[in-house]
Amino acid sequence: MTLYAIYAKPENGPDAISILADKFSWGAFLFAPLWAISRGAIAYLLLWIVVAGGLFLLAPWIGDDIAGLLYLIFALWTGFAASSIAGRALEGRNWIASGELAAENTIAAERIWLEKNYGFRS
């Protein structure tokens, strides 16, 4: 089972929910800037630009291997923190954190949350 964070915009009705799995994100790890744009995580995108640019500029002094290793560590952190980063981006757009729940998959998490909050059965 996976832990899911639920975000909602109640004023937009029961369809306005976003469900984020709290697990490693390969998309965020491999394609961080594109992932950040797709999630609306502009603050993270700016952080990525500063870190990647800084490592690029520091590489001649610290060595390409060290710069690459530091970027790999940053990318790993991004993959593990992706759910939190996306959640903060949603909160910045006035979505409300509506709790967490464990479920087999995203569809099951959505069904459980809708049943609990709106009494819907699908």
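One is the number of the first residue; the rest follow in order along the sequence. Only a predicted model underlies this, so the values are computations on that prediction, with no experimental measurement involved.
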Grab the two heavy atoms, one from [X] and one from [Y], that are nearest each other, plus how far apart they are.
{"X": "Glu91", "Y": "Ala97", "value": "OE2-CB, 3.7 Å"}
{"X": "Arg39", "Y": "Arg93", "value": "O-NH1, 3.3 Å"}
{"X": "Ala109", "Y": "Ile19", "value": "CB-CG2, 4.1 Å"}
{"X": "Tyr4", "Y": "Thr106", "value": "OH-N, 3.3 Å"}
{"X": "Ile112", "Y": "Ala102", "value": "CD1-O, 4.3 Å"}
{"X": "Ala8", "Y": "Trp113", "value": "CB-CH2, 3.9 Å"}

Donor-acceptor pairs are to be reported for all side-chain atoms of residues 64-79 against protein atoms at under 3.5 Å, with residues two or more places apart or in another chain.
from	atom 1	to	atom 2	distance (Å)
Tyr71	OH	Trp48	NE1	2.9
Thr78	OG1	Tyr44	OH	2.6
Thr78	OG1	Phe74	O	2.9

Verify same cluster id: Leu55, Phe29 (apolar side-chain graph, 4.5 Å):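 Cluster IDs for Leu55 and Phe29 differ.
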
Are Ile42 and Trp95 connected in a single hydrophobic cluster, I mean Ile/Leu/Val/Met/Phe/Trp/Tyr linked by side-chain heavy atoms less than 4.5 Å apart?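 Different clusters: Trp95 never reaches Ile42 through Ile, Leu, Val, Met, Phe, Trp or Tyr contacts under 4.5 Å.
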
Straight-line distance of [X] [atom1] to [Y] [atom2], nearest 0.5 Å:
{"X": "Arg111", "Y": "Glu104", "atom1": "CZ", "atom2": "CD", "value": "10.0 Å"}
{"X": "Trp35", "Y": "Ser25", "atom1": "CH2", "atom2": "OG", "value": "6.0 Å"}
{"X": "Leu101", "Y": "Met1", "atom1": "CG", "atom2": "CE", "value": "9.0 Å"}

What pairs with Lys23 under side chain to side chain contact (heavy atoms under 4.5 Å, CB included), at least two apart in sequence or on another chain?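 Only Thr2, Ala21 meet the side chain to side chain contact (heavy atoms under 4.5 Å, CB included) criterion with Lys23.
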
Could you check whether atom CZ of Phe31 has more than 12 heavy atoms from other residues, nucleotides or ligands sitting under 6.0 Å from it?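 Count not over threshold, so no.
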
In this structure, are over 12 heavy atoms from other groups packed under 6.0 Å from Leu3 atom CG?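 Atom CG in Leu3 is crowded, with more than 12 foreign heavy atoms closer than 6.0 Å.
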
For Leu20 and Leu90, run side chain to side chain contact (heavy atoms under 4.5 Å, CB included): C-alpha distance rounded to whole Å, both residues' side-chain angles, the deciding distance at 0.1 Å, then the answer. CA-CA 10 Å; Leu20 303 175; Leu90 286 171; 4.0 Å; yes

Are any side-chain N or O atoms of Ser83 and backbone N or O atoms of Ala81, one a donor and one an acceptor, separated by less than 3.5 Å?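 Looks like no, no N/O pair under 3.5 Å.
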
Just so I know, are the side chains of Ser98 and Tyr7 near enough to count as touching, which here means a heavy-atom distance under 4.5 Å?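 SC-SC contact between Ser98 and Tyr7 ruled out.
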
Should Ile17 and Asn117 count as side-chain neighbours, where that means a heavy-atom distance under 4.5 Å?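 The answer is no, as the side chains (C-beta and beyond) never meet within the 4.5 Å cut-off.
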
